[in-house]
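One structure is given below, encoded as structure tokens.
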Amino acid sequence: MKSLFAAIILFCFTSSSLFSQTHSNFYQSIVDGVKYDSILKSLQKIESLGVKSPGTAALVNAKTWLVNKYSNYGYSNIQIDSFNYNGDMLYNVIVNKTGTLYPNTYVIVCGHYDSKSGWGGGSPGANDNGSGVSIILEIARLLKNVNTEYSIKFINFTAEETGYTGSSNYINAAVLPQTMDIRLVFNIDEVGGVAGEVNNIIKCESDQTSPSTNNAASADFTDTLMTLTGLYSTLGTTNTNAYGSDYMPFQDADYVITGYFENNQSPVVHSSNDDLSNLDTSYVFDIAKAATGATLYFAKAYTNNTIIEGEDSNLMINVFPNPVEKQIFINSSIALSKIEVYNTEGKITFESSLNNQFRSKIDFSTFSNGIYHYKLSDNSGKVLKTGTLVKSGN
Ligand SMILES: [Zn+2]
């Protein structure tokens, strides 16, 4: 009750941003493509590579394996950010997907692929952070051919375990020099849970540290992440503060962050026991679904053939009056380029350019009485609205 009441109040008095966080069938159809087998195979591979700390062949092999995976998914814009760290070459793997509307504004989906050296010979890193890496691979696979308004960078950072070395290097080498426009950093680190326990809650992490100028936006996105997690998975959520992972250097540079972290915290991470037998693969699978739904939403995904009204809070189109006797009026928040009118058999009976206008008027007086369907599209051919009109008065 409490939360419903709050939602109604917000909807009435502020923006429509909450309204757009409704379940999307289109997003669900992509989320349904998350494969348990893909996740499992990635986890097995990451574990089998061994301890991936700076200076190891395993870390280099992991980089090569990642690049091959992304290129097998069809990505060609894969960038390797290499740098020297204590005499060893280290590599961040950055996969670029260009947005259609905001090509220079990025949603970064990231998770480190190195693992901890040290205790008991070091960690194979199945949970920390094979879990995050396997999820990011799966999101990248599923989104390859999906249009997004914002650009996405899928990033696997190296050397998180030595103190965010990879992400810090990337910020200094690329983000700050380019004054990169980043909509959101969505970090996924250690989301394997604990084998034998009930793992059904995920921590959604918001920025609660200095500088505070970016904290409110982080809280908003994290709120949204919690809602989306509920829409696209069966997981419960809890809001916690972000700390101890690659989003921290971004927040230090005043960027907006959010993240996932396991609620049941593994007692074996950073040790040689961080293997598949000690995590919950079904939990990783569920988080992959939630993370896919969230990425689709954050990057504003759409298809050319899909009606985006209802998925884009900035889009409003009114067609009236209905029933219509003489003419219809079309008011739109986005310039429209074309109307097509169909009869009930799906045959096109009328087609007209709308000249990229926000307001149009169409004469219906010569149409015979009956039911008509219409389609409104923009100048890229994207259908923004369909509907039904009743013609009367003849
Ligand atoms: Zn980690």
Side-chain angles (χ1 to χ4, degrees), residues 39 42-43 45-56 58-59 62-63 65-66 85 90-94 108-139 154-171 185-195 199 202-207 209 225 240-252 257-276 278-281 283-284 287-288 290-291:
I39 303 273
S42 293
L43 285 167
K45 177 68 186 181
I46 290 161
E47 179 182 326
S48 75
L49 285 165
V51 181
K52 295 167 279 294
S53 59
T56 61
L59 186 58
K63 180 262 290 179
W65 174 72
L66 284 167
Y85 173 73
L90 298 184
Y91 309 95
N92 293 317
V93 177
I94 300 140
I108 292 181
V109 183
C110 59
H112 71 91
Y113 72 97
D114 66 308
S115 66
K116 189 93 171 168
S117 64
W119 304 354
S123 164
N127 186 348
D128 185 10
N129 185 31
S131 59
V133 171
S134 65
I135 289 169
I136 292 166
L137 282 168
E138 192 63 352
I139 302 171
F154 299 103
I155 307 184
N156 296 125
F157 287 118
T158 187
E160 185 268 355
E161 300 290 1
T162 54
Y164 327 136
T165 309
S167 48
S168 298
N169 186 82
Y170 181 65
I171 286 169
V185 176
F186 177 24
N187 187 66
I188 307 174
D189 189 0
E190 199 183 321
V191 292
V194 181
N199 302 288
I202 182 75
K203 283 180 175 164
C204 299
E205 305 171 289
S206 61
D207 179 8
T209 53
L225 179 62
T240 57
N241 65 311
Y243 71 98
S245 189
D246 286 315
Y247 42 31
M248 295 316 281
F250 284 94
Q251 94 75 29
D252 286 341
I257 64 162
T258 193
Y260 273 153
F261 184 72
E262 62 194 5
N263 193 50
N264 292 335
Q265 206 167 332
S266 170
V268 298
V269 293
H270 297 174
S271 83
S272 56
N273 292 324
D274 183 8
D275 58 28
L276 264 166
N278 286 311
L279 57 77
D280 181 347
T281 49
Y283 182 57
V284 182
I287 294 165

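In each ligand, atom 1 is the first atom listed, and ligand 1 is the first ligand listed.
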- Using only heavy-atom distances, determine whether the side chains of D246 and N187 contain a donor-acceptor pair under 3.5 Å. no
- Task: Nearest 0.5 Å please: distance from the OG1 atom of T158 over to the CG atom of N169.
- Result: 10.0 Å
- Query: Taking only protein atoms, how many N, O or S atoms are found under 2.8 Å from the Zn ion (ligand 1)?
  - Reply: 4
- Message: Would you say the rings of F186 and Y247 are close, in the sense that their centroids are separated by under 6.0 Å?
- Response: no
- Message: Would you call the rings of Y170 and F250 parallel, tilted or perpendicular, taking 30° and 60° as the class edges?
- Response: tilted
- Item | Distance-only side-chain donor-acceptor flag, Y283 / E262, under 3.5 Å | no
- Mind checking the OG-CG spacing from S266 to D280? Nearest 0.5 Å is all I need. 11.5 Å
